[in-house]
Amino acid sequence: MSDLIDVDLGDRSYPVLVGHGVRSELATVLPDGVRRVALITQAHIPWTVDPGVDHEVITIPDGEAAKSLTVVEDVCRQMARSGITRGDVVLGVGGGVVTDVAGFVAAVYHRGIRFVSVATTLLAQVDAAIGGKTGVNLPEGKNLIGAFWQPSAVLCDTETLATLPPSEFRSGIGEVAKYHFLGGGALDALDLPAQVAACVRIKAEVVAADELEGGRRAILNYGHTLAHAIETAGGYDLRHGEAVAIGIAYAAEVARRLGRIDDERVAEHRRVLAAYDLPMMIPAGLGDEELVALFAHDKKSIDGLTLVLDGPEGVQPVSGIDPSVLVESLAAVR
Ligand code: GLY
């Protein structure tokens with residue numbers, strides 16, 4: 001059984017297919033008239049796909065190191081040498097790194113060619129592969145170069161989740177926990193494919209409402225301000241989803257101090273994070289001043305200190321928060 005979710009962007013709308021074995025549907029979702037496919041993947045990805053047309057496999061390095069302009073140039077040069085044209089397609093098969101790099105290659109090669117994604121990690125399925133954010137890192141920071149480039153189709157094959165290393169799974173499950181507070185409700189009561197489909201449905205709705213992150217899309221960064229600060233400070237053995245979980249617990253504390261939510265709602269945050277066995281405490285060794293200074297560097301910070309917070313009208317970006325509230329709330333997650 002599979003779920004078909006539409007990301008409604010007018011004439012750029014696209015389907016997201018979620019379910020066990022859906023990668024076998026690849027040939028049916030390739031855009032019409034495609035003659036060749038540049039299939040971008042990584043050596044450790046254990047999944048093969050059959051696009052049903054002539055294809056060239058291009059392997060990028062493993063890990064975050066692949067998200068560089070040098071890798072983008074290498075991939076584009078391989079595509080040029082093998083004669084990939086504007087009528088052809090870039091296909092990404094892998095997790096968030098593959099999605100980000102392959103999508104960016106598709107956005108810039110020949111000024112933009114079509115892109116299809118087969119997402120093989122939980123993080124990619126519930127977040128990175130949906131919504132058209134693509135890009136690479138600079139030595140100065142993560143994702144500082146990129147483009148919005150929507151795919152033509154996304155396949156979230158939940159069969160691939162069975163082989164994920166536990167740490168990779170935890171990275172994705174932190175993002176799943178986030179969707180509880182973005183209208184998902186009791187997602188933890190569903191089986192995993194149904195959880196993925198529910199997350200995709202929420203993300204599709206948010207992206208359709210605010211493709212270029214003019215406002216509402218920022219809610220997808222719930223829990224991410226503290227998470228990014230912890231990740232930027234570095235040296236902590238935490239996966240992205242685990243850092244997001246700590247960030248969610250923290251955001252609930254800030255929201256309670258601002259009178260936006262009550263104790264019961266804070267307890268609900270903790271219950272959900274505990275249900276997924278996610279951490280809620282900041283790792284030792286990170287000082288308040290260092291963290292608050294890093295909040296101000298968050299790319300999403302629009303106007304001084306902006307955090308995405310829960311409240312009576314749901315999760316929303318909130319600006320102008322008194323730094324003393326930010327510091328006090330840190331104590332509650334230590
Ligand atoms: N990962 C957040 C977004 O797609 O907007």
Side-chain angles (χ1 to χ4, degrees), residues 5-9 12-14 16 18 64 67 92 94-104 106-107 115 117 119 121-137 141-151 153-154 156 168 170-184 187 195-232 239-248 251 298-302 306-310 314-317:
I5 297 146
D6 191 47
V7 182
D8 182 2
L9 292 168
R12 292 175 300 117
S13 296
Y14 56 93
V16 182
V18 181
E64 197 70 14
K67 286 183 57 173
V97 168
V98 168
T99 300
D100 287 358
V101 173
F104 187 61
F115 173 49
S117 181
T121 66
L122 186 54
L123 186 63
Q125 294 185 3
V126 300
D127 188 31
I130 321 291
K133 279 192 181 174
T134 72
V136 296
N137 303 331
K142 282 185 67 165
N143 297 327
L144 290 186
I145 304 240
F148 285 99
W149 193 252
Q150 299 294 342
V154 180
C156 298
E168 183 56 54
R170 287 170 72 72
S171 198
I173 210 74
E175 293 284 351
V176 173
K178 173 188 84 178
Y179 286 101
H180 281 248
F181 307 101
L182 305 184
L187 293 180
Q195 288 184 37
V196 173
C199 296
V200 169
R201 217 167 267 119
I202 295 169
K203 181 148 188 189
E205 179 272 310
V206 173
V207 168
D210 178 21
E211 181 187 1
L212 303 182
E213 201 166 334
R216 179 162 159 70
R217 185 165 176 164
I219 69 170
L220 296 171
N221 296 310
Y222 192 45
H224 283 60
T225 301
L226 177 59
H228 288 152
I230 295 172
E231 288 170 334
T232 305
R239 297 306 311 250
H240 175 67
E242 295 175 310
V244 167
I246 299 167
I248 290 172
D298 192 329
K299 213 160 23 90
K300 305 291 175 328
S301 197
I302 306 156
T306 298
L307 250 69
V308 179
L309 297 177
D310 198 7
V315 167
Q316 290 174 332

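Counting starts at 1 for both ligands and their atoms, following the listed order.
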Polar side chain donor-acceptor pair, His224 to Glu175, under 3.5 angstrom: yes
From His240 atom NE2 to Glu168 atom CD, the distance as rounded to the nearest 0.5 Å: 11.0 Å
Heavy-atom side-chain proximity of Lys67 to Asn143 below 4.5 angstrom: yes
Asp127: numbered ligand 1 atoms lying under 4.0 Å from its heavy atoms: 1 (N), 2 (C), 4 (O)
side-chain contact (heavy atoms from CB on, under 4.5 Å) partners of Ala209, counting only residues at least two apart: Glu205, Arg216
Protein heavy-atom partner closest to atom 4 (O) of ligand 1 - residue, atom, separation in Å: Lys203 NZ, 2.6 Å
Shortest protein contact, atom 5 (O) of ligand 1 (heavy atom only): Arg217 NE, 2.7 Å
